[in-house]
Amino acid sequence: MASPTLGRYNSPPFVFSYSDRIYPMNIRELLNQKVLNAMAAVGVPSDLPALIAPSKKAGFGDYQANCAMGAAKAMGTNPRELATKIVAALDLEGIAEKIEIAGPGFINIDLKPEWLGEQIAKAQRDARLQVEQVSSPQNVVIDYSGPNLAKEMHVGHLRSTIIGDSLARLLEFQGHNVIRQNHVGDWGTQFGMLIAELEEQLGAKGDEAMALKDLEVFYQQAKKHFDDDEAFANKAREYVVRLQSGDAQMLKLWEQFKTSSLHHSTEIYQQLNVTLKDTDVRGESFYNNDLAPVVKELQNQGLAVESDGAQVVFLQELADKEGNPSPMIIQKQGGGFLYATTDLAALRYRVNTLKANRIMYFIDARQSLHMQQVFTLSRNAKFVDESVSLEHLAFGTMMGSDGKPFKTRTGGTVKLAELLTEAVERAGALVSEKNPDLPSDEIAEISRKVGIGSVKYADLCKTRTNDYIFSWESMLSFEGNTAPYLQYAFTRVQSIFRKAGVTPESLTNAIIIGTEQEKTLAIKLLQFSEVLDQVAREAMPHLLCTYLYEIASLYMTFYEACPILKDGIEADVRDSRLRLCHLVARTIQQGLELLGIEVMERM
RNA sequence: GCACCCGUAGCUCAGCUGGAUAGAGUAGCGGCUUCCGAAGCCGUUGGUCACAGGUUCGAAUCCUGUCGGGUGCGCCA
């Protein structure tokens, strides 16, 4: 696979023989190669790109090559004449049915329906939908979710959890070795307060499961206790010290607390259909033993210096206009460590022990400066080799309809558990209304898949880096670009096969691309792997959402225009269209699975 | 003060390495069901791409500046 360079599309310069490949290239790659060959044949310098893109408008072909204008400029010739030469040298025998030059030198390519039919047939038969496995898998560490165990999971954890999980699924599907890392907050001063509270409540309430039944309440009790009771506050402070020095009794309480809190998170993950397991947890405390060595190492390298009693690294790379370096505290006065230190230690673990080639952090955009500091320092200190890709894949904040951070009516944080429950309930009301005859257990399952899917999709389909507005109305209205629309498209295909009484596997006839609707749909279906590549490269799941919505939408259009099981439809046309339907369903199912969203037979 | 992100239709958002007449959804308006699931489809109204310069065959996209909104900036994570 190509290097994980982000942010730009690298026209593939690689050369290979077609017969060596198990899977064919996608359309874009194929045309890119063909046009590059033609360009070379007419003397265009080899560093100039072919600029292949799907055409945006009907009438401009299916694909277009925009290379002629730029190349003519570089060569000092006329763009239309150059385009004419390129087209003359362009060999698309059997692939394209028409190649035209338009405007200043656009090359418009119309693909051959027979060729498209063959490609669709291959994809429909293929277990991987013609999505190639990467030839050289990377070790990809994905840092996501990372809730604070001191508190209950709230909406602020949703984006990291959902987006990170989607990328984990996607990269795994492409054949990479994905290593999930749940960097939970399980260390710090607040744990003194929490275990002191736990100790007291254990006497009164028996076991920790009872005491920690509601983490949020528990935290508030502890906080209030801490604020109101000086003796308790002193005890909490003492407990922190004892905990951090390895006191056995403190560690036991701390473990009890962690186990109970983690159980809560795991329940949320299951409810959310997120693939994180307890074994993926590497909390802050995991790196405690490496914190002092990290500081020591940075001191030895002369990178860390004392400033006001603290150990600070000044980063010239991140200096402002006046040249003032960016300060980064790695050890407090008094000796305590900070999360910067922990992140550096975690980075060393990921590189040295996990052998990461690519490390992806799905963390709030507000921590951009911090991540930049960590990355810069880790390079300077040679903790991380240049060959390892470090990526902070920032995301925006979830806002309420008022445009301010999403809160409850009373101004508190919204618990994830309650949000998900409400989503399932709202979905349930709609499903029962639309389809009251379904058995109640099936309604329950559909409601769960639709409700959870709606919440996840609403998040995933927005550009990752922007803030987004959370709205029950738009996500559960079930209209437009939503999870239910995609799920609905899937059930309609299933419905057709039920009605037809045939299994998709039994269909082996040729696929006939006979109408505009079939052609448009076919081309879109064949772009699946292109989209996955781009999502993997840029960590932008919304591109996959947009793609799946286009598939579903084109399918609806096709469905209206191209009858399948109706009277007067010839058997070969019917079977061809059924195969096309089947590929639609499988593409939607596979795409949604990569987003962590489930489908159902009917809804 | 400095740094980063953002500003596109009434609302929510796309717009891919700069490409042709800036696209969806929703809201509004008008149609479609003796016919494969109407959670659907078709049509239509609606934009000075915040503003001003610059780069060039071509700019929503790249550069500079201005205005407006958000976030962050040495001992929380």
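Nothing here was measured: the structure is a model prediction, and the numbers come from that model. Within every chain, numbering begins at 1; the chains are lettered A, B, ... in the order of the sequence lines, protein sequences first and strands thereafter.
The P atoms of B/rC29 and B/rC35 are separated by 29 Å, rounded to the nearest whole Å. Taking the P atoms as reference points, B/rU8 lies 10 Å from B/rC13, given to the whole Å. Taking the C1' atoms as reference points, B/rG15 lies 14 Å from B/rG25, given to the whole Å. Nucleotides B/rG31 and B/rU12 have their P atoms positioned 30 Å apart, rounded to a whole Å. A gap of 14 Å separates the C1' atoms of B/rG47 and B/rU21, to the nearest Å. A distance of about 33 Å separates the P atoms of B/rA9 and B/rC32, rounded to the whole Å. As rounded to the nearest Å, B/rC6 and B/rA50 have C1' atoms that lie 11 Å from one another.
With B/rU12, B/rU17, B/rC6 as the choices, the nucleotide that has an atom nearest any side-chain atom of A/L51 turns out to be B/rU17. Among B/rU21, B/rG40, B/rU17, the nucleotide with an atom closest to any side-chain atom of A/Y485 is B/rG40.
Heavy-atom distances to RNA chain B give each of A/K56 and A/Y549 a nearest nucleotide, and the one nearer the 5′ end belongs to A/K56. When the nearest nucleotides of RNA chain B are assigned to A/N481 and A/E322 by heavy-atom distance, the more 5′-ward of the two goes with A/E322.
A cation-pi arrangement, defined by a distance under 6.0 Å to the six-membered ring centre and an angle within 45 degrees of its axis, is present between A/R492 and A/Y559.
A donor-acceptor pair shorter than 3.5 Å cannot be found between the side chains of A/T376 and A/Q373.
B/rG74 takes the syn form, because its glycosidic angle lies no more than 90° either side of 0.
Helical stems of RNA chain B (runs of at least 3 Watson-Crick or G-U pairs, donor-acceptor distances under 3.5 Å) are listed by first residue: B:1-5 with B:69-73, B:10-13 with B:23-26, B:28-32 with B:40-44, B:50-54 with B:62-66.
Once the 5.5 Å centre distance and the 30° plane angle are applied, the aromatic ring of A/F106 is found not to be stacked with the base of B/rG19.
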